[in-house]
Student: 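Handing you this structure, nothing more for now.
Keep in mind that what you see is a predicted model, and the values were worked out from it rather than measured. Numbers restart at 1 for each chain; the letters A, B, ... are given by sequence-line order, proteins then strands.
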There are 2 protein chains.
Amino acid sequence: MDRRQEILEAATKSFSLFGYKATTMEQIAKIANVGKGTIYTFFENKEVLFQEIVLRIITEMKQEATKVIKEDASFQENAYAALMKMLEFRDTHQLFAKIIAEEQEWRTPAVKQVKAQIEQAIVSFIKQKIDKYMNLGEVRQVNSELVAYLLLKGYLAFVNDWNLTHEKPLTEQEITDFFQDTIFQSLII
Amino acid sequence: MDRRQEILEAATKSFSLFGYKATTMEQIAKIANVGKGTIYTFFENKEVLFQEIVLRIITEMKQEATKVIKEDASFQENAYAALMKMLEFRDTHQLFAKIIAEEQEWRTPAVKQVKAQIEQAIVSFIKQKIDKYMNLGEVRQVNSELVAYLLLKGYLAFVNDWNLTHEKPLTEQEITDFFQDTIFQSLII
DNA sequence: AAATGACTAGAAAACCATTTTGGTCATCTA
DNA sequence: TAGATGACCAAAATGGTTTTCTAGTCATTT
């Protein structure tokens with residue numbers, strides 16, 4: 001495999017496992033089986049490398065979400081399916097959880113920025129979908145940006161915060177059904 | 001005025017202005033015009049004093065919310081009025097904002113605990129109201145705890161987080177209208 | 001021409017001396 | 001003499017200094 005790819009995979013692994021701050025360039029180089037200097041022939045610096053990885057994951061998530069959205073299905077059905085799919089990432093991509101945790105703990109500027117970037121990307125993705133169904137007349141006229149924002153923040157609250165104050169975490173099913181039952185429900189005409 | 005009250009007011013002022021950590025017992029004593037030792041004749045320690053103050057504010061908020069809820073009004077109307085009332089506290093009680101900021105910045109255990117306590121109190125208050133209207137048949141059968149949780153987290157997201165990534169903060173009106181339009185809307189039968 | 005790792009500057013961590021502060025209690029005063 | 005007080009103390013926080021670590025460079029190697 002080409003070196004660039006090796007580096008990306010090693011870095012992804014390390015960032016996901018240890019977070020941004022605790023990942024050293026030397027460690028990445030070791031995992032990728034390259035010299036440290038090599039990394040810098042492909043990526044300007046640590047931050048750019050990190051951003052590239054995050055961008056890749058966002059892209060992957062968008063693709064996955066898009067994949068489950070069926071043209072002939074209703075907004076309700078598609079919203080449900082997409083949300084379910086996103087929840088699958090809960091386990092696989094510890095990276096986001098790590099980023100959020102790290103932002104709280106160390107306030108690393110790079111991490112803060114990337115977190116905002118992710119948030120922005122997700123919100124605009126959701127907004128776009130809502131707008132589409134608004135134009136199709138399936139969804140009421142609402143402030144789609146606020147709805148998207150609420151969906152993201154609500155999602156994160158249930159996935160990340162809920163456990164902090166409650167015994168058992170919510171299942172994917174519970175979360176999805178709940179959203180279905182409240183927010184999505186309120187949107188359709 | 002009695003010393004206990006003086007102390008409570010001084011402490012409230014100081015906690016609100018400087019946060020938990022940056023408020024010293026000596027400072028409170030000075031503002032309250034009492035000796036430091038006197039504080040300890042009324043309150044076991046700094047943490048207990050803090051909790052008492054928070055408890056008072058929560059109680060006050062509950063009372064205010066209860067006051068605007070009219071027996072003969074609909075769920076929609078009451079939810080709207082209560083939410084509006086709560087938003088008034090946004091400016092008046094900087095304390096909660098301080099607590100949240102401090103929790104992020106220093107991770108003081110007492111602060112963390114109090115934050116969870118506030119959250120719990122608010123959620124159970126909202127839940128109780130929803131349950132009431134569910135029993136009255138005005139609100140659909142939903143998981144009222146999840147709804148309450150979403151309302152709180154959504155509220156906090158719009159009031160606190162929104163500004164971090166957006167130019168102009170949302171007005172009370174916008175937030176309330178939005179909730180009215182989505183979540184509350186979805187709850188009524 | 002591309003890869004490398006020894007090297008460096010600057011950032012972070014560890015350390016430690018000094019100061020601050022929550023909490024106590026012997027003394028004071030009304 | 002009951003309640004208030006502030007000097008006092010142990011423990012924690014602060015801040016300044018030294019040491020260690022690491023992102024990024026570049027002369028050398030392959």
Student: What orientation do Phe158(B) and Tyr149(A) show, parallel under 30°, tilted 30 to 60°, or perpendicular over 60°?
Tutor: tilted
Student: How about Lys132(B): does its NZ atom have over 12 heavy atoms from other parts shown lying under 6.0 Å from it?
Tutor: yes
Student: In whole angstroms, how far is the P atom of dT20(C) from the CD atom of Gln27(B)?
Tutor: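 Going from CD in Gln27(B) over to P in dT20(C) covers 14 Å.
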Student: Going by atom types only, do Gln117(A) and Gln113(A) share a side-chain donor-acceptor pair under 3.5 Å?
Tutor: no
Student: Please tabulate the protein-to-nucleotide N/O contacts below 3.5 Å involving nucleotides 12-15 of chain C, giving atom names and distances.
Tutor:
| from | atom 1 | to | atom 2 | distance (Å) |
| --- | --- | --- | --- | --- |
| dA13(C) | OP1 | Lys21(A) | NZ | 2.8 |

Student: What integer distance in Å separates Phe43(B):CZ from dG3(D):P?
Tutor: 16 Å
Student: With a cut-off of less than 4.0 Å, is there a side-chain N or O of Arg3(B) near OP1 or OP2 of dT5(D)?
Tutor: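 Result: yes.
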Student: Tyr80(B) and Phe184(B): aromatic ring centres closer than 6.0 Å?
Tutor: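 Not under 6.0 Å, so no.
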Student: Nearest whole Å is fine: how far is dA4(D) P from Asp2(B) CG?
Tutor: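 It works out to 10 Å between those atoms.
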Student: Take atom CG of Asn33(B) and atom C1' of dG6(D), then tell me their distance rounded to the nearest Å.
Tutor: 15 Å
Student: Nearest to the side chain of Thr24(B), which nucleotide is it out of dT21(C), dT4(C), dA4(D)?
Tutor: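 Minimum distance to the Thr24(B) side chain belongs to dT21(C).
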Student: Please report the distance, rounded to the nearest Å, between OH in Tyr20(B) and C1' in dA12(D).
Tutor: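 It is 13 Å, rounded to the nearest whole Å.
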Student: For a quick test of reading the model: is some side-chain N or O of Thr38(B) closer than 4.0 Å to OP1 or OP2 of dT5(D)?
Tutor: yes
Student: Separation of Phe42(B) atom CZ from dA2(D) atom C1', in whole Å?
Tutor: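 Computing the Phe42(B):CZ to dA2(D):C1' distance gives 12 Å.
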Student: When you check the gap from the basic side-chain N to the acidic O, do Arg3(A) and Glu6(A) get nearer than 4.0 Å?
Tutor: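 No, no charged N to carboxylate O under 4.0 Å.
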Student: Distance to the ring centre below 6.0 angstrom and angle to the axis at most 45 degrees; does that hold for Lys46(A) and Tyr20(A)?
Tutor: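 Satisfied, under 6.0 Å and within 45°.
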Student: Using a heavy-atom cut-off of 4.0 Å across all strands, would you classify Thr23(B) as base, sugar-phosphate, or nothing?
Tutor: sugar-phosphate
Student: Quick one about Ser186(B) and Ser186(A) (side-chain donor to acceptor, distance below 3.5 Å, no hydrogens or angles considered), yes or no?
Tutor: no
Student: For Lys13(B), look at atom NZ and say whether over 12 heavy atoms of other residues, nucleotides or ligands are found less than 6.0 Å away.
Tutor: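 Counting neighbours around NZ of Lys13(B), 12 or fewer heavy atoms of other residues, nucleotides or ligands fall under 6.0 Å, so no.
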Student: What does the B/S/- profile of nucleotides 24-30 of chain D look like, 5' to 3', with a 4.0 Å heavy-atom cutoff to protein?
Tutor: BB-----
Student: Just wondering, more than 12 heavy atoms not from Glu64(A) lying within 6.0 Å of its CD?
Tutor: yes
Student: Can you tell me the distance, in whole Å, between the CD1 atom of Ile39(A) and the C1' atom of dT4(C)?
Tutor: 12 Å
